[in-house]
Amino acid sequence: QLAESGGGLVQAGDSLRLSCAASGRTIGGSSMAWFRQAPGEERRFVAAISWNGENISYDDSVKGRFTISRDNAKNTVYLQMNSLEPEDTAAYYCAASAYIVTSIASHYNPWGQGTQVTVSS
C-alpha cells in the first residue's frame, strides 16, 4: 500500500514536498513515479525514479522545478516542488512499477490514493 502526503493550498511561487510512504511492501526493487490529475483531465506523468535512484525522468512541464528522490531505507519517495504555478494544481499520485523508468501509467501498480495540491495565483 502506498500513501501520499504533503499536499495543500499554496500561492504561486511557493514550494511543497510530497511524500509517498509504502507499507506492507518494500519499494526497494521498484521504479517509483508521480503522476497528477486535474479535474476533467487524464492522469499525467510527472516524474519517475529507478530503484537505485540512478535513472530519473521528468515531464517537460516540471523540469527544473520539481525533484524526485527516494529513501529505500525509509520506504519512501519524495517529490520536491518549487516555483509552483496555478497549472500545477491537481491531485498527485505515487505508484510503483516492476519496469524500468517509464512514463506509461499502465506500467504502474499499485497506486496511492492521492494528495491534493492547489496553487493560487
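Treat the numbers as computed from the prediction; the structure is a model and nothing was measured.
Once rounded to the nearest 0.5 Å, the distance linking OG1 of Thr89 with CG of Leu84 reads 8.5 Å. In this structure, Leu2 CG and Asn109 CG are separated by 9.0 Å, a value rounded to the nearest 0.5 Å. The structure places OG of Ser30 at 12.5 Å from OH of Tyr99, a figure rounded to the nearest 0.5 Å. Here the CG atom belonging to Leu79 is positioned 12.0 Å from the CE atom belonging to Met32, to the nearest 0.5 angstrom. The line from CG of Leu16 to CD of Gln80 is 8.5 Å long, rounded to the nearest 0.5 Å.
Outside the 6.0 Å centre-distance limit, the rings of Tyr93 and Tyr108 are not counted as a close aromatic pair. Taking the six-membered ring for Trp and the full ring otherwise, the centers of Trp34 and Phe66 sit at least 6.0 Å from each other.
No continuous path of ILVMFWY side-chain contacts below 4.5 Å connects Phe45 to Met81, so the two sit in separate hydrophobic clusters. Hydrophobic cluster membership is shared by Val119 and Val46, with clusters built from Ile, Leu, Val, Met, Phe, Trp and Tyr side chains linked at under 4.5 angstrom. Taken together through direct or relayed side-chain contacts under 4.5 Å among Ile, Leu, Val, Met, Phe, Trp and Tyr, Tyr92 and Ile56 form part of one hydrophobic cluster.
Nearest heavy-atom pair across Ser50 and Ser31 is CA-OG, 3.8 Å. Of all non-hydrogen atoms in Ala90 and Gln116, the two that sit nearest each other are O-NE2, 3.4 Å. Between Ala48 and Thr102 the shortest heavy-atom distance is CB-O, 4.1 Å.
Residue pairs that meet the salt bridge (Lys or Arg N to Asp or Glu O under 4.0 Å) test with at least one member in residues 85-99, sequence neighbours left out, are Arg36-Asp88, Arg65-Glu85, Arg65-Asp88. Among residue pairs with one or both ends in residues 4-32, none qualify as salt bridge (Lys or Arg N to Asp or Glu O under 4.0 Å); sequence neighbours excluded.
Between the side chain of Asn75 and the backbone N or O of Ala21, no donor-acceptor pair lies under 3.5 Å. Tyr58 places a side-chain N or O within 3.5 Å of a backbone atom of Ile68 that can act as its donor or acceptor partner. In this structure, the side chain of Asn72 engages the main chain of Trp51 through a donor-acceptor pair within 3.5 Å.
For the pair Val101 and Ile49, the minimum side-chain heavy-atom distance is 4.5 Å or more.
By the neighbour-count criterion of 12 heavy atoms within 6.0 Å, atom CD1 of Ile100 is sparsely surrounded, having that number or fewer from other residues, nucleotides or ligands.
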